[in-house]
Amino acid sequence: MEYNFNEIEARWQKAWREQGVYRTEESAGRPHYYVLDMFPYPSGAGLHVGHPLGYIASDIYSRYKRLRGYNVLHPMGYDAYGLPAEQYAIQTGQHPAVTTEQNIRRYREQLDKIGFSFDWSREVRTCDPQYYKWTQWTFIQLFNHYYDNELQKARPISELVSKLERGVVQPEGGKAWAGMSEGEREDYLMGHRLAYLADIPVNWCAELGTVLANDEVVGGLSVRGGYPVERKLMRQWSLRITAYAQRLVDGLEQVEWTDSLKEIQRNWIGRSEGAAVWFPVSDALKFEIFTTRPDTIFGVTFMVLCPEHELITEITTPDRKAEVEAYVAWAKNRSERERQAEVKKVSGVFTGAYAFNPLTEEKIPIWVSEYVLAGYGTGAIMAVPAHDSRDFAFARHFGLPIRQVVAPERDAVSDPATWQESLDSKSGYSVNSGFVSGMKVKEAMAAVIAKIEEMGIGHRTVNYRLRDAIFSRQRYWGEPFPVYYKEGRPRMLPEECLPLELPEVSDFKPTATGEPPLGHAQKWAWDEASRCVVETSKIDHKTVFPLELSTMPGFAGSSGYYLRYMDPGNEKEYFSQQAVQYWQNVDLYVGGAEHGTGHLIYARFWNKFLFDLGLAAKDEPFQKLINQGMIQGRSNFVYRSKQDNNLYISKGLVKNMEEVTAIHVDINIVDNDVLDLEKFKAWRPEFAEARFELEDGKYVCGWEIEKMSKSMYNVQNPDDLVARYGADTLRLYEMFLGPVEQAKPWDTGGIEGVHRFLKKLWKLYDNYLNNLSGQSDLSNLNNRSNQSNPGKEEMKVLHQTIKKITDDIERFSFNTSVSTFMICCNQLTDLKCASSEVLKPLLVLLSPFAPHIAEELWHRMGEGDTVCRAQWPECEAQYLVEDTVKYPVQFNGKMRFTLDLPAAATQEEAVAAVLGAPESAKWLGGKEPRKVIFVPKKIINIVC
RNA sequence: GCGGACAUGGCGUAAUCGGUAGCCGCGCCAGACUUAGGAUCUGGUUCCGAAAGGAGUGGGGGUUCGAGUCCCCCUGUCCGCACCA
């Protein structure tokens, strides 16, 4: 019988779906395991072969764990809110809900064809009101909580209020709680809520009409679309993720992620230890700076404020005023891109004012420069040009003094005027530094901190590079905020009124007045009395109030989705305690490393907050994480002659690339770099009249590795491959390509080999089944092996395979597993294996990788139940032991002969065998060997 | 500039503990069966050499009886961050 993969795969996919084979229920007593994929954004382009790479790997592991007796949760869903659907809507007027629904259907079809074991009854979509109800609910909780630095966890804001009322806590601003007005109190609390509204400098992208989070901006351009981004002060919702900075750093110790990804997160959080120091300007005025090098305080020769610093207008002397104002205005108008492009250009202006160094009592000039950032530390620095490269460049540019206070060796002082660069190293000794002179840098740091703490002018502190996450987007296609505005202040909707559903709008573009698209909504106002959404026209600011017009960003919906999978149908809670106590957290998370500074930080923060609320079971959401490598595209080119615009020259005949134009050609009309001429002519009208210069009768295309993208015609669609080779071949081939974690170009060159293996495997089983029914040549049967009595050789092959496959899966080395199967199949074919005791367990081993063919053969072998519910075979050690092993015997590292020894030979037996061998005599010459290195089953090494 | 990862045949890769480097597959070469082959099967395929033999895991050095693997330096590629005080 032929291996008819299309028929087999369709039939089993249907059967699995109808029987609910992959349904998962909580079941006490069974060990549980949660395998999660990063859910996809359903884009209009559909899946390409890069998407399933991680899904196949996680599917293999899920199926393996199930066969091992685990109750496995392996869900899938859609990250369905996002910019592309909305931009498509703006262009075509199609409602994002409609296009999203279409895309989801297409994704689902494509996913189904690959034979994944997802429990689709648990599907979540971030744009489903029953899902985003809980995104909104979490936002309200964030608003109603603050971070208690003593307890190191989130607590209800009412507790803070109570502490303030009892005087246990004093407001930082100086003004007492009791003396505050209602408004002042609300402002104060807003400064502590974990979700808060504030005027903050944001990344504003005019082209997209929205603000963006830091991880959505790269090099001053938006990640999506690559449009310019500028800094702008806007009133925005933010999440106080910085409150969790320390826990986000600490938590990395507990999880099994790659070192590189942990390092990416540590860098992003950017923890640095140092000191905060107050520098007085006058008796009434002082300002705070942050430094990681308190030991260099004796080397301060000027101070620098960022252009946004509030003190600038107060301290600037009248004669400098015009110049300073001009500089500040210039700096503020510069785009983010200009700033970043001109990082090396030094600019700045002197304010005319001076600060006093509290340790040296010197008068130090105060400057303003954009190299000091408003968003980090206090937006003000003490400049130590001798030991900081940026301060050094600034000092050189403006001719400011440079004073050495650290020397690489004790008293190795030189004239800084001769220096080419600053001495930034922390190894060395303090010099010219008063009471710390002569100390090592580390000791000097501690001593200076102790001194300033004693003087009450500063303290040890920690700073983070991480910024609070801006949570407002001026977009339509996102979760609405459960917020309305009363007397100019935000109010949360009552929890019972959730979800607050996204309203219909007439236009997805921002309004003429610059309001977000929700400004177009006819019905977008909150009636406090009837507690429902009413027409916008009814807003009277007495009983009917305006609702928030911005929506939540993409990371809102993806921050807690893994928890919702545990209990997706729950209408009363985000997820039940019963479910979360059973599943705990994600055991294995598979996805791309590009989410390292976005989703993976936000989700950890979200989870930690829910953990503080007593909802999440674990502090960290993702125990083990595997980053699948990106699959790049392999583009093909044709070469058009520059002389003759209809002449296309085969690659080998192109003598000079100057004479031709390389044109991207659709990889679907190219096979093994050979162009299909007829399909090429039919591809696009301009090629209809094409003529070719062929080599050996073929047109050979050029190729290059590029990003997989529509515009380069190099997108490999999995459906075509499934139709041509079957899902099992695709699954095996994607794994065979190389380690899951590694980035690699997509190349169909080797897919035939994998497909050939499945055909051989099919034949192996087909022969066995034919022999059973006596339809074929019985001489194929091996004497040593029949159905009830497998030969020892076959058992050896089987058990070696069990061991290898089990080890491979445990360490996620799926590419080597595929090789192992090929070897096993070849060996069993050579042995003419005809024993169900060997062939059946092999199908169980194969089923995580190639579930359809395994299932089909499993049934043909007479099994009733699905192979998915079989038991993973145990490896029996007796079959792994070789009777004898050939040992290469080496003298002084040079191999001279081999010896047959029992596999279980000991050191003594090995030595005796070597000494007894006639070959030894000439090397040892009767002497005892100096040393014998014996590696069981591998090698005997003799040192003479 | 800072941080991280990687470097093995013509290609994708393997070598799990420091122990015969190159498994498996692609490609290529030769052969078999065929009217035919983009089907199937068999054998070969790191490089140099007719062979014997020699060289060999980006380059240089070190540790070791023994290094693709460990340490130091260099080169190259990829990724992350980037005026973060």
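To find a chain, count down the sequence lines: A is the first, B the second, and so on, and within it residues start at 1.
- Looking at heavy-atom distances under 4.0 Å, A/Glu752 makes no contact with the nucleic acid at all.
- Residues satisfying the side chain to side chain contact (heavy atoms under 4.5 Å, CB included) test with A/Ala444, not counting sequence neighbours, are A/Asp295, A/Ser430, A/Val436, A/Met439.
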| In dot-bracket form, how is RNA chain B paired, counting a Watson-Crick or G-U wobble pair only if both its distances are under 3.5 Å and using | for bases paired to another strand? | (((((((..(((......[....)))((((((.......))))))(((....)))..(((((..]....))))))))))))....
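- A/Lys760 comes within 4.0 angstrom of sugar-phosphate atoms only, judged by non-hydrogen atoms across all strands, and of no base.
- Nucleic acid contact class of A/Arg756 (heavy atoms, under 4.0 Å, all strands): sugar-phosphate only.
- Among the protein residues, A/Leu373 comes within range of the nucleic acid bases, having at least one heavy atom under 4.0 Å from a base atom.
- Using modelled atom types, no side-chain atom of A/Thr461 and backbone atom of A/Ala276 make a donor-acceptor pair closer than 3.5 Å.
- Residue-level contact check: A/Pro739 touches the backbone only, with heavy atoms under 4.0 Å from sugar-phosphate atoms and none from bases.
- Taking the P atom of each, B/A82 and B/A15 are spaced 36 Å apart, rounded to whole Å.
- What separates OH of A/Tyr3 from P of B/U40 is a distance of 14 Å, to the nearest Å.
- Within 4.0 Å of A/Val384, counting heavy atoms only, lies no atom of the nucleic acid at all.
- The nearest whole Å value for the distance from the CG atom in A/Asp676 to the C1' atom in B/G38 is 13 Å.
- Contact annotation for A/Ile823: backbone-only contact, meaning every heavy-atom pair under 4.0 Å involves sugar-phosphate atoms and none involves a base.
- Remark: P of B/A85 and CD1 of A/Ile381 are 11 Å apart, rounded to the nearest angstrom.
- A/Tyr725 places its OH atom 14 Å from the P atom of B/G38, with the value rounded to the nearest Å.
- OP1 or OP2 of B/U40 lies within a sub-4.0 Å distance of a side-chain N or O belonging to A/Lys759.
- Here A/Asp388 pairs with A/Arg390 under the salt bridge (Lys or Arg N to Asp or Glu O under 4.0 Å) rule; sequence neighbours left out.
- The separation of B/C28 from B/U34, taken at their C1' atoms, amounts to 23 Å, rounded to a whole angstrom.
- Comparing the same atom, P, in B/C29 and in B/U46 gives a spacing of 16 Å after rounding to whole Å.
- Within the nucleic acid shown, A/Thr820 has no heavy atom closer than 4.0 Å to any nucleic acid atom.
- Comparing the same atom, C1', in B/A7 and in B/A21 gives a spacing of 16 Å after rounding to whole Å.
- Atom CD in A/Glu2 sits about 14 Å away from atom P in B/A39, given to the nearest Å.
- If you measure from atom CD of A/Glu594 to atom C1' of B/C81, you get 16 Å, rounded to the nearest angstrom.
- Taking atom CD of A/Glu308 as the reference point, atom P of B/C83 lies 14 Å away to the nearest angstrom.
- Contacts between residues 460-470 of chain A and RNA chain B, counted as heavy-atom distances below 4.0 Å, involve A/Arg465, A/Arg467.
- Between A/Phe398 and A/Trp367, the ring planes are tilted. Angles from 30° to 60° get that label.
- One N or O on the side chain of A/Asp424 and one on the backbone of A/Ser389 form a donor-acceptor pair closer than 3.5 Å.
- A/Phe680 is linked by a ring-ring contact (aromatic ring centres under 6.0 Å, His included) to A/Tyr648, A/Phe687, A/Phe692, counting only residues two or more places apart in sequence or in another chain.
- With respect to the salt-bridge test (charged N to carboxylate O, under 4.0 angstrom), the residues A/Asp808 and A/Lys804 qualify.
- B/C11 and B/G22 have their C1' atoms separated by 14 Å, given to the nearest Å.
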Distance-only donor-acceptor hits, side chain of residues 591-601 of chain A, under 3.5 Å, sequence neighbours excluded:
unit_1   : atom_1 : unit_2   : atom_2 : d
A/His599 : ND1    : A/Ser558 : O      : 3.4
A/His599 : NE2    : A/Tyr589 : OH     : 2.7

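- Phosphate contact (OP1/OP2 of B/A85, side-chain N/O of A/Ser272, threshold under 4.0 Å): present.
- B/U57 and B/A67 have their C1' atoms separated by 11 Å, with the value rounded to a whole Å.
- Atom P of B/C17 sits at a distance of 16 Å from the matching atom of B/G68, rounded to the whole Å.
- Evaluation of the ring-ring contact (aromatic ring centres under 6.0 Å, His included) rule for A/Trp762 yields A/Tyr3 as partners, not counting sequence neighbours.
- B/C71 has its base anti relative to the sugar, with a glycosidic angle deviating from 0 by more than 90°.
- Protein atom CG of A/Asn826 is 9 Å distant from nucleotide atom P of B/C24, rounded to whole Å.
- Comparing A/Val754 and A/Asp391, the nucleotide of RNA chain B nearest to each residue sits closer to the 5' end for A/Val754.
- Here the separation of B/C81 from B/C24, taken at their P atoms, is 42 Å to the nearest Å.
- Scored by the ring-ring contact (aromatic ring centres under 6.0 Å, His included) test, A/Phe821 finds A/Phe849 as partners (sequence neighbours excluded).
- Contact check on A/Asp807 versus A/Lys803 returns a salt bridge, with a Lys/Arg side-chain nitrogen under 4.0 Å from an Asp/Glu carboxylate oxygen.
- Between A/Asn267 and B/C2 there is no side-chain polar atom (N or O) within less than 4.0 angstrom of OP1 or OP2.
- A/His799 pairs by the ring-ring contact (aromatic ring centres under 6.0 Å, His included) definition with A/Tyr879, not counting sequence neighbours.
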